[in-house]
**Student:** 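Encoded as structure tokens, here's the structure I'll be asking about.
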Amino acid sequence: MMKNTDNNYFSNCLYRVEQLQQGEEKAAKACSMTMTQLMSAAGKAVFKQLKQRFPAPANIAVCCGEGNNGGDGYIVARLAQEAGYQVQVFALKPNAELPKPVESDAHRARSAWREQGGREKALLDCAPEQFDVVVDALFGVGLNRALEGDPVIWVQRVNASTTPVISIDVPSGLNADNGHAPGAAVRAHLTVSLVALKRGLLTGQAQDHIGELVLEDLGVGESFQQQNETDWFRVDSGALGDWLPVRPRCTHKGEQGHVLIVGGQPGMSGAVILAMQSALRAGAGKVSVACHPEVQAIVAAAQPEAMVHGIRDEESLQPLLRQASVIALGPGLGQSHWSHDVFKQVMKTDVLKVIDADGLNLLASYPIRSAKMLLTPHPGEAARLLKTTTGEIAEDRFAATLQLREKYGAQVLLKGAGSLLVTDRGKSLIDRGSPAMASGGMGDLLTGLVSGLLAQKMAPAQALIAGALWHAMAGEEAGKEGERGTLASDLLPYIRRLVNGYGRDDD
């Protein structure tokens, strides 16, 4: 998760690598800084973070590549040595001859290290377990391919060790644009993102590689922001404002909306029960369930406040569809003949629909475009919707989310570590949540939560964003009692607190 202490606007702006590559020099110039000074500032910023965590005379391995990322590493090594640390540098090309005159900033940093008496050893001479910390300055944000050769062996050794790793700008081997690791990639304990946040550091596989994420803007962040527009933003709880205001004292259940949850075939009653309970705890005035007749008694017994109906045919479903202000379609729906018939009937209505689980799988078989849909797929469901593979979804989650929006005309939430949303409010990323949420029923809970918010007249885009964020935050709270063994139903008390305003600012 991004460590964000001041919640300022810039710390929630996410940028493409191309924007950093093309814009940092212009931003530095606007701040009367040369690129040499910017690299020096980068080295100082990383050393500051190192010094806060590992006081001298800690034993440090700095592993440097040939580009600017390596140049940052040489500056860190020189500053650490001057401050009394025990420093060894391991280079991808040790003791390489530098051009004369030295022209690049990376070469200048390397030359300054040598002039101070610093030496370089081969990368594979680094034994991570012999050091207190390893500084990863091998490859920067420009890398967009799998590592090869010695770096792969080095990454494997680093990841097998318990020695903490500080990565400069991006863990080597990780694509900073989309969060995908095409091959071996460093698992850092701390990643120091320089100038601005790269969007790929907060989603997908990146969540297992970046560790703690710290932004150091090097004094040019404001200038960079002014010169570069971004269309992806990280969402924190402060952004939600009063989307769900305090209720008037004279309100009644009819004013708080009517959610109809459609699903629950035999053997899958639990999913529809969780969605039903979540919609109620989210604050919906009335919640009805349209399920298979064989599970009606089971569902009804689980929550007396809900109205549960066994549906056999179109005639019994139609009155429920007419009463609903929002429909949650998919929890426990299955893919039987009954499921197909129910799905087709629901999709004929003009009511706003939150579609998840088998509702998404059936949508993949009967694709339509509609602005009245909110889709909440996980990567496997997204792959079916786009007729591709889960692996291809993982390679670029940003592109996949945009493709879903384009193909189905819906508001979209692509779930997973670093969930992505494309809605009427723009493009958002939520990097909240917990490994405790890796258990069955979490998606059903989210479906009910979003539906409950919609029923209370929250705008569709707002309901999807707020629902995704509060669902993740509830998972964090439930997970504090233990990441293993957390159940979806454990989140319900925290959902109730969050929709009532408690704990929303506990970032």
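None of the values given here were measured: they were computed from a predicted structure. Computed over heavy atoms, backbone and side chain alike; hydrogens, waters and symmetry mates excluded.
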**Student:** For the atom pair CG (L413) and CG (L420), what is the distance rounded to the nearest 0.5 Å?
**Tutor:**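 Output value for this atom pair is 8.5 Å.
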**Student:** Within the distance-only criterion (no hydrogens, no angle test), does the side chain of D136 pair as donor or acceptor with the backbone N or O of S167 below 3.5 angstrom?
**Tutor:**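 No.
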**Student:** For the residue pair W232 and C13, establish whether any side-chain heavy-atom pair is separated by less than 4.5 Å.
**Tutor:**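 No. Closest side-chain heavy atoms not under 4.5 Å.
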**Student:** When rounded to the nearest 0.5 angstrom, what is the spacing between OH in Y408 and CD1 in I368?
**Tutor:**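 It comes to 10.0 Å.
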**Student:** Look at K286 together with E305 and state whether they make a salt bridge at an N to O cut-off of under 4.0 Å.
**Tutor:**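 Not counted as a salt bridge, because no side-chain N and carboxylate O are separated by less than 4.0 Å.
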**Student:** Regarding K198 and D177, does a basic nitrogen lie under 4.0 Å from an acidic carboxylate oxygen?
**Tutor:**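 No, this pair does not count.
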**Student:** Please work out which of the three classes, parallel, tilted or perpendicular, describes the rings of Y15 and F224, given edges at 30° and 60°.
**Tutor:**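 Perpendicular: the ring planes of F224 and Y15 meet at over 60°.
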**Student:** Say you draw a straight line from CG of N361 to OH of Y366; how long is it, rounded to the nearest 0.5 Å?
**Tutor:**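 OH of Y366 is found 12.0 Å from CG of N361.
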**Student:** How far does NE2 of H292 sit from OG of S269, to the nearest 0.5 angstrom?
**Tutor:**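 Reported value, rounded in 0.5 Å steps: 12.5 Å.
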**Student:** So that I can tick it off, tell me whether K415 and D356 are bridged by a salt bridge, with the cut-off set at under 4.0 angstrom between side-chain N and carboxylate O.
**Tutor:**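 Result for this pair is yes, salt bridge flagged.
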**Student:** Here's a test for you: under side chain to side chain donor-acceptor pair (under 3.5 Å), which of E255, R247, K253, R249 qualifies with T251?
**Tutor:**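 So the option named by the test is E255.
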**Student:** Of the non-hydrogen atoms in S439 and L487, which two are nearest, and what is the gap between them?
**Tutor:**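 Minimum heavy-atom contact is OG-CA, 4.3 Å.
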**Student:** I need the H471 NE2 to I430 CD1 distance, nearest 0.5 Å.
**Tutor:**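 Rounded to the nearest 0.5 Å, the NE2-CD1 separation comes out at 11.0 Å.
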**Student:** Here's one to test your reading of the geometry: is the NZ or CZ of R199 within 45 degrees of the ring axis of F398 and under 6.0 Å from its centre?
**Tutor:**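 Pair R199/F398 counts as cation-pi.
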**Student:** If you round to the nearest 0.5 Å, how far is CD1 of I355 from CG of L385?
**Tutor:**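 Here the rounded value is 9.0 Å.
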